[in-house]
Protein chains: 2
Amino acid sequence: MPTHTRDKLLDVAEELFAAKGISGTSLRVLTKTAGTNLAAVHYHFGSKDGLVDAVFERRATALNRDRLADLARIEATCEGDTPPVEDILRAFIAPGARMLDELKDRRALIVRLRCRVEAEAPAVVEALVRRHFGVTCARFLEALQRAMPELGKELVAERFRYSLATLSLTFSETFDLDTIPGHPPTGSHDALRAERLIDFLAAGLRAGPDTPRRPSA
Amino acid sequence: MPTHTRDKLLDVAEELFAAKGISGTSLRVLTKTAGTNLAAVHYHFGSKDGLVDAVFERRATALNRDRLADLARIEATCEGDTPPVEDILRAFIAPGARMLDELKDRRALIVRLRCRVEAEAPAVVEALVRRHFGVTCARFLEALQRAMPELGKELVAERFRYSLATLSLTFSETFDLDTIPGHPPTGSHDALRAERLIDFLAAGLRAGPDTPRRPSA
DNA sequence: GTCTATAACGGGATAGAC
DNA sequence: GTCTATCCCGTTATAGAC
């Protein structure tokens with residue numbers, strides 16, 4: 001295989017970036033782990049930034065495709081009407097959860113990468129996140145705004161932002177480890193966790209001022 | 001003032017850590033911004049890690065104190081009964097939002113730091129977040145579990161985790177800038193945004209399988 | 001308590017052989 | 001397409017004068 005080294009670099013980079021962050025991963029340990037050397041990175045990707053972008057793009061492309069396809073399908077199902085919020089959320093969340101379950105052996109994924117990127121330099125966030133996810137997120141935002149016209153576009157946008165924040169951190173490893181001592185991550189099956197997350201987010205997105213203060217008690 | 005340099009270092013460090021992350025901030029630019037030099041850091045804090053911990057602790061101490069005080073107060077108000085979910089959330093969220101508004105001129109805060117830390121090395125997360133916020137989070141989790149016994153402790157714990165994730169990223173600068181192109185951050189007043197966040201999270205925390213699929217349409 | 005100067009190290013990028 | 005060797009820079013940490 002001519003580009004075997006290239007793929008190996010992508011795999012190892014994805015894994016290490018997700019685990020230790022981008023700036024926390026040096027090309028030295030990266031290439032040593034991949035069984036190659038520094039020069040290979042610069043030959044195949046031009047620079048570390050080039051490698052970062054390639055790693056990100058490989059998953060983002062597939063993820064965006066699946067998300068938009070799922071959304072289009074459910075929108076086609078309910079002719080003329082808008083799909084329920086849960087279904088829109090599922091179209092956004094499920095493809096990532098599916099990926100997580102499929103790639104479970106290698107502990108690397110764009111879903112975790114998305115969280116990792118948060119703390120990189122603003123330029124990196126701008127270049128990667130907005131570029132790779134901007135249009136898809138805008139598309140889903142529209143769908144949600146159409147599904148809840150009574151809330152107003154601004155409020156839905158703000159709540160969608162909250163949802164994205166939750167999603168970003170939920171599937172990261174580090175967040176599960178901390179903050180609540182003694183309470184390990186609940187389910188190993190990410191697809192199941194996704195359903196519980198959808199319940200949580202859908203209720204939050206739909207929240208109205210008329211929410212009952214005490215449910216049943 | 002004898003320890004003027006020390007305070008200056010803490011202020012500048014907090015600001016830069018929140019803006020560029022910990023590993024993204026070098027002691028060189030940090031000390032130059034503070035108008036001092038490398039040696040001062042090691043004299044006052046022993047190492048960069050020592051500085052990080054001091055920066056974190058200064059805000060965490062005050063934040064935990066305020067959060068627990070607010071919670072104790074609202075629990076005292078409703079004798080014997082459990083306070084509503086919104087009030088518990090407000091006791092957790094409002095102190096941070098207050099801090100943000102008060103320290104607005106300097107754009108630094110533990111609330112943003114909390115997000116920044118996410119992508120640092122796991123050791124940093126473990127050392128800082130769990131240590132500084134562990135007991136307080138556990139205390140609030142108990143309160144929420146008492147407020148919603150019908151949901152079961154595990155589900156409440158999982159949803160509280162979602163809430164913490166949302167809170168962590170919501171007040172970060174970077175997250176607002178990306179992901180949804182063309183939609184700048186909504187309100188400048190963080191206390192107001194906190195109330196909207198409370199609505200969102202409370203509805204999510206309380207979500208039941210009986211949530212209506214379409215609210216009013 | 002604060003400084004300058006420097007040590008000791010690790011980072012990404014590159015040249016050039018093969 | 002892959003390697004070794006090296007360059008150059010920025011990093012933290014430290015020594016020692018004041």
Side-chain angles (χ1 to χ4, degrees), chain A residues 1-58 113 116-117 119-128, chain B residues 1-56 58 113 116-117 119-125 127-128:
Chain A
M1 298 170 191
T3 54
H4 173 247
T5 299
R6 195 191 133 95
D7 290 340
K8 182 70 178 171
L9 281 173
L10 281 177
D11 289 344
V12 171
E14 184 179 26
E15 197 154 357
L16 291 181
F17 290 163
K20 297 164 167 261
I22 297 172
S23 53
T25 302
S26 73
L27 290 186
R28 292 184 131 80
V29 310
L30 196 159
T31 51
K32 187 154 289 186
T33 306
T36 177
N37 52 75
L38 277 179
V41 170
H42 290 90
Y43 175 79
H44 287 289
F45 305 99
S47 66
K48 184 181 182 179
D49 283 345
L51 173 59
V52 169
D53 197 70
V55 165
F56 219 81
E57 178 169 320
R58 179 171 61 157
L113 274 182
R116 278 305 187 185
V117 166
E120 300 296 328
V124 180
V125 178
E126 183 74 13
L128 291 182
Chain B
M1 297 172 190
T3 53
H4 173 248
T5 299
R6 195 191 134 96
D7 290 340
K8 184 68 177 170
L9 281 173
L10 280 177
D11 288 345
V12 172
E14 183 177 28
E15 198 154 356
L16 292 181
F17 288 164
K20 297 164 166 259
I22 296 172
S23 53
T25 302
S26 71
L27 291 185
R28 288 181 130 78
V29 310
L30 196 159
T31 52
K32 187 156 287 184
T33 307
T36 176
N37 53 75
L38 278 180
V41 170
H42 291 89
Y43 175 78
H44 287 290
F45 305 100
S47 68
K48 185 182 182 179
D49 283 345
L51 172 61
V52 169
D53 198 70
V55 165
F56 219 81
R58 180 169 62 157
L113 274 182
R116 280 305 186 183
V117 166
E120 301 296 328
V124 181
V125 178
L128 292 181

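Computation of the quantities below employed the complete heavy-atom set of this structure, encompassing side-chain atoms and omitting hydrogens, waters and symmetry-equivalent molecules. Chain identifiers are assigned alphabetically (A, B, ...) following the order of the sequence lines, protein sequences preceding nucleic acid strands; residue numbering begins at 1 within each chain.
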Enquirer: Pairs of donor and acceptor atoms involving the side chains of residues 30-38 of chain A, under 3.5 Å and at least two apart or interchain, shall be tabulated with distances.
Expert:
{"residue": "Thr31(A)", "atom": "OG1", "partner": "Leu27(A)", "partner atom": "O", "Å": "2.7"}
{"residue": "Thr31(A)", "atom": "OG1", "partner": "Arg28(A)", "partner atom": "O", "Å": "3.1"}
{"residue": "Thr33(A)", "atom": "OG1", "partner": "Val29(A)", "partner atom": "O", "Å": "2.7"}
{"residue": "Asn37(A)", "atom": "OD1", "partner": "Ala39(A)", "partner atom": "N", "Å": "3.2"}
{"residue": "Asn37(A)", "atom": "OD1", "partner": "Ala40(A)", "partner atom": "N", "Å": "3.3"}

Enquirer: Across nucleotides 4-10 of chain D, 5' to 3', mark each nucleotide with B, S or - according to how protein heavy atoms within less than 4.0 Å reach it.
Expert: B------
Enquirer: Could you state the atom-to-atom distance from CD1 of Ile22(A) to C1' of dG11(C) in whole Å?
Expert: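 Interatomic distance, CD1 of Ile22(A) to C1' of dG11(C): 16 Å.
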Enquirer: In whole angstroms, how far is the C1' atom of dA13(D) from the CG atom of Leu51(B)?
Expert: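 Distance check: Leu51(B) CG to dA13(D) C1' gives 14 Å.
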Enquirer: Roughly, in whole Å, what's the span from NZ in Lys48(A) to P in dG10(C)?
Expert: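 Result: 16 Å.
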Enquirer: Could you check Ala40(A) against His42(B) and say which one's nearest nucleotide on DNA chain D is further toward the 5' end?
Expert: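 Here Ala40(A) is the residue nearer the 5' end.
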Enquirer: Consider side-chain contact (heavy atoms from CB on, under 4.5 Å). Of Leu10(A), Leu9(A), Leu16(A), which one does Val12(A) pass it with?
Expert: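 Per the side-chain contact (heavy atoms from CB on, under 4.5 Å) rule, the option paired with Val12(A) is Leu16(A), out of Leu10(A), Leu9(A), Leu16(A).
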Enquirer: Would you say His44(B) places a side-chain N or O within less than 4.0 Å of OP1 or OP2 belonging to dT2(C)?
Expert: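 The answer is yes; a side-chain N or O of His44(B) sits under 4.0 Å from OP1 or OP2.
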Enquirer: So, for Val55(B) and Ala13(B), which heavy atoms are closest and what is the spacing to 0.1 Å?
Expert: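 Looks like CG2-CB, 3.6 Å.
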Enquirer: How far apart are the closest heavy atoms of Ile22(B) and Phe17(B), and which atoms are they?
Expert: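 Closest heavy-atom pair between Ile22(B) and Phe17(B): CA-CD2, 3.9 Å.
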Enquirer: Please classify the nucleic acid contact of Thr31(A) as base, sugar-phosphate, or nothing, using heavy-atom distances under 4.0 Å.
Expert: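 The residue Thr31(A) makes no contact with any strand.
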Enquirer: Over the length of the helix from dG1(C)-dC18(D) to dC18(C)-dG1(D), how much do the five-pair end axes diverge, rounded to 10 degrees?
Expert: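 About 0° separates the two local helix axes.
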Enquirer: Report yes if a side-chain nitrogen or oxygen of Tyr43(A) is closer than 4.0 Å to either non-bridging phosphate oxygen (OP1 or OP2) of dT2(D); otherwise report no.
Expert: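 No, outside the criterion.
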Enquirer: Ignoring backbone atoms, test whether Thr5(A) places a side-chain nitrogen or oxygen under 4.0 Å from the OP1 or OP2 oxygen of dG1(D).
Expert: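 The answer is no; no side-chain N or O of Thr5(A) sits under 4.0 Å from OP1 or OP2.
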Enquirer: For DNA chain C, whose closest nucleotide is more 5', that of Val41(A) or that of Gly35(B)?
Expert: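 Final value for this comparison: Gly35(B).
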Enquirer: Side chain to side chain contact (heavy atoms under 4.5 Å, CB included) between Tyr43(B) and Arg6(B): does it pass, once the steps are laid out?
Expert: CA-CA 9 Å; Tyr43(B) 175 78; Arg6(B) 195 191 134 96; over 6 Å; no
Enquirer: Looking at Asp11(A), Asp7(A), Asp53(A), which one forms a salt bridge (Lys or Arg N to Asp or Glu O under 4.0 Å) with Arg58(A)?
Expert: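 The salt bridge (Lys or Arg N to Asp or Glu O under 4.0 Å) with Arg58(A) is passed solely by Asp11(A) among Asp11(A), Asp7(A), Asp53(A).
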Enquirer: Could you tell me the separation between the CG atom of Leu9(B) and the C1' atom of dT2(C), rounded to a whole number of Å?
Expert: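 For the pair Leu9(B) CG and dT2(C) C1', the rounded distance is 11 Å.
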Enquirer: Please give, in whole Å, the distance from dA13(D) C1' to Phe45(B) CZ?
Expert: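 Whole-Å distance recorded here is 16 Å.
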